[in-house]
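Notes for the one structure printed next.
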2 protein chains.
Amino acid sequence: MSIQEIDIDTEELIKETAKKIFFGEGRFKATTQEIADAAGVNRTLINYYFRSRNNLFEIVFEDAQTKEISIAEQIIFSDLPFHQKIEKYLDLFFEQAKKYPYLEIYMVTQMNQGSCFKDPDTMNRMLDKFYLEIALEMEKGNIAKMRPEQFMLNLISLTSFPVSMRPLLQESMGMSNEAYDVLVDERKKVVMDTLFK
Amino acid sequence: MSIQEIDIDTEELIKETAKKIFFGEGRFKATTQEIADAAGVNRTLINYYFRSRNNLFEIVFEDAQTKEISIAEQIIFSDLPFHQKIEKYLDLFFEQAKKYPYLEIYMVTQMNQGSCFKDPDTMNRMLDKFYLEIALEMEKGNIAKMRPEQFMLNLISLTSFPVSMRPLLQESMGMSNEAYDVLVDERKKVVMDTLFK
DNA sequence: TTTTGCGTTAACAAAAATGTCAAACATTAA
DNA sequence: TTAATGTTTGACATTTTTGTTAACGCAAAA
C-alpha cells in the first residue's frame with residue numbers, strides 16, 4: 001500500500017504530465033522531450049508505454065472526452081431540481097477549470113487535426129433528457145423561451161469561454177492576474193443571473 | 001492596373017493562405033510545406049518573404065490582433081445607440097466568423113507559446129469608453145446590473161464560443177453541419193434576448 | 001543462486017521540417 | 001541591348017523531433 005503510493009506508476013505519470021502541459025498550460029505543440037523532461041523520465045519511455053507520440057495524444061484526448069461526459073452524467077442523472085443542477089454544473093466546471101483551463105481548446109485543436117468523438121450515443125441520450133427538463137423550465141417561466149439547444153449553448157459559452165480564452169481576454173482587457181481571478185470568481189453568480197429570470 | 005490585379009502579390013498570397021489555414025481551418029501546426037502547397041508556391045518563398053516560419057506566425061498573429069481591434073473601433077466609436085452597437089457588433093462578428101472561425105483560438109494558442117499583445121493602450125481607452133456606456137445602460141434599466149466587465153464577457157462569450165468551439169460542440173451535441181448552421185444563424189437573436197431585458 | 005521478465009537507459013537510425021545558397025529567370029531602367 | 005534589380009527555383013545543409021534497438025539493472029520467481 002505505502003509502497004504503491006511512493007513508487008510511481010510511470011505510465012500514469014507520463015499521462016498526467018501530458019495532461020498538465022496540454023490542458024493545464026495550453027502548450028499544444030510540446031515535444032515528447034519536453035513532456036518527458038516535465039515528468040522527469042527518459043524520453044523513450046513515452047515510446048515504451050505509448051508506442052508513438054500521436055498515440056499518447058489520442059489517449060489523452062479520449063481521457064478528456066471521458067472526463068467531459070462524466071461531468072455531464074453527474075449533473076443530468078442527479079435528482080436535483082433544475083436550478084440546482086445548473087449550480088452544481090457551475091461548481092464542477094469551475095473546479096476543473098482551475099486545473100485544466102484549456103481542456104476544451106485542446107479538444108477542438110485535436111479534432112481539427114483528425115481526432116473524433118467515439119461515443120456520441122451516450123451523450124445524445126443525456127442531452128435529450130436534459131432538453132426536456134429545459135423545455136419544462138421554460139414552461140414554468142423560470143428561464144427565457146428559446147430552443148433548448150440555445151439554452152445549452154448559452155450555459156456552456158458563459159462559463160467556458162472566459163476560462164479557456166483567458167490569455168486573450170485578460171490581455172485585451174488589460175487586467176492583472178489577480179483582477180481576472182476575481183472576475184472568474186464572480187462568474188458563477190453572473191451566469192446564474194443571466195440564465196434565470 | 002489590370003496587370004497588378006492579375007499578377008498575384010506572392011507575399012500577400014502566402015499571408016492570406018496562412019490565415020486561411022490557421023484562422024479558417026484551425027490547422028495550427030501546419031508546416032511551411034503545407035502552407036506553400038496550399039498557396040501554390042515554392043516553399044522557400046516563405047523564407048524569402050518572411051525569413052522564418054516563426055516570423056510568419058508572428059506577423060499573422062499581429063494581423064489578427066489588428067483585425068480584432070479594428071472591429072472594436074468600428075463599433076465603439078460609431079454614434080449608434082447602445083442597443084444598435086451591440087447588434088452591429090454581432091453582425092460584424094458573425095460575418096468574420098464565417099471566414100475565420102478559429103481566429104480567437106489561434107490567438108490563445110499563440111499566446112500560450114509566448115506571443116503577446118503589442119498595444120494594450122488603444123484597447124484600454126476603448127474599453128473604458130464602452131464600460132461607461134454599459135453602466136449608463138444599466139442605470140436606464142435596459143440590461144441587468146453587473147460589473148461592466150462581466151457584461152462584456154457575456155457578450156463575447158455568447159457570440160464567440162459557439163463558433164470557435166464548433167467541432168467540439170457540434171459533435172458532442174450530435175448535430176449535422178446543416179443543423180448547426182441553423183443554430184448559429186439563430187444566435188444573433190438569442191444573444192440579444194439574453195443580454196437585454 | 002540462477003533465471004525470467006519488466007522497466008529503464010543510451011546510442012543510434014530515420015524521418016520530418018526548417019533554413020541557406022547560388023543559379024536561373026523575369027522585368028524594368030538605362 | 002545591356003545592366004540592374006527583384007523574384008523564383010532546386011539542391012543542399014542543418015536542425016529538430018521521433019522511433020528503434022540492444023544492453024543494463026533490478027526485483028521476484030524458480
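A quick note: this is a predicted structure, and the numbers were derived from the prediction, not measured. Protein chains get the first letters and strands the later ones, always in sequence-line order, with residue 1 at the start of each.
- Applying the salt bridge (Lys or Arg N to Asp or Glu O under 4.0 Å) test to residues at least two apart or on different chains, none of the pairs has a partner in residues 95-107 of chain B.
- For the pair B/Ser164 (side chain) and B/Ser160 (backbone), a donor-acceptor distance under 3.5 Å is present.
- Within the structure, ring pair (Phe, Tyr, Trp, His ring centres under 6.0 Å) pairs that include any residue of residues 20-42 of chain A comprise A/Phe22-A/Phe57, A/Phe22-A/Tyr106, A/Phe23-A/Tyr100, A/Phe23-A/Tyr106, A/Phe28-A/Tyr106 (at least two apart or interchain).
- A search for side-chain hydrogen bond (donor to acceptor under 3.5 Å, both in side chains) contacts involving B/Asn55 returns nothing, not counting sequence neighbours.
- Panel note: side chain A/Tyr180, backbone A/Pro162; a donor-acceptor pair is recorded below 3.5 Å.
- Legend: residues meeting side-chain hydrogen bond (donor to acceptor under 3.5 Å, both in side chains) with B/Lys15, ordered by chain and number and at least two apart, are absent.
- Taking atom CG of residue B/Leu13 and atom P of nucleotide D/dT7, one finds them 14 Å apart after rounding to whole Å.
- One atom, CZ of A/Arg43, and another, C1' of D/dT16, lie 11 Å apart when rounded to the nearest Å.
- The nearest whole Å value for the distance from the CG atom in B/Asn42 to the P atom in D/dA11 is 11 Å.
- Across residues 21-41 of chain B, not one residue has a non-hydrogen atom less than 4.0 Å from an atom of DNA chain D.
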Protein proximity profile, nucleotides 21-26 of chain D - base contact B, sugar-phosphate-only contact S, no contact -, cut-off 4.0 Å on heavy atoms: ------

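- With hydrogens and angles disregarded, a donor-acceptor distance shorter than 3.5 Å links the side chain of A/Thr17 to the backbone of A/Leu13.
- Checked against salt bridge (charged side-chain N to carboxylate O under 4.0 Å, His left out), A/Lys129 has the following partners two or more places apart in sequence or in another chain: A/Glu133.
- With respect to the salt-bridge test (charged N to carboxylate O, under 4.0 angstrom), the residues B/Lys189 and B/Asp193 qualify.
- With sequence neighbours excluded, the residues that form a side-chain hydrogen bond (donor to acceptor under 3.5 Å, both in side chains) with A/Gln150 are B/Glu186, B/Arg187.
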I'd like a list of close polar pairs between nucleotides 22-27 of chain C and the protein, N/O only, cut-off under 3.5 Å.
none

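- Within residues 47-61 of chain A, the residues approached by DNA chain D to less than 4.0 Å at the level of any non-hydrogen atom are A/Asn47, A/Ser52, A/Arg53, in residue-number order.
- Under the rule for a side-chain hydrogen bond (donor to acceptor under 3.5 Å, both in side chains), the partners of A/Gln170 that lie at least two apart in sequence or sit in another chain are A/Arg166, A/Asn177.
- In this pair, B/Phe61 and B/Phe117 present their aromatic rings perpendicular. The plane angle is above 60°, beyond the 30 to 60° band.
- Sorted by first and then second residue, the salt bridge (Lys or Arg N to Asp or Glu O under 4.0 Å) pairs involving residues 20-30 of chain B (not counting sequence neighbours) are B/Glu25-B/Arg27, B/Arg27-B/Glu34.
- Rounded to whole Å, the distance from CG on B/Leu45 to P on C/dT20 is 14 Å.
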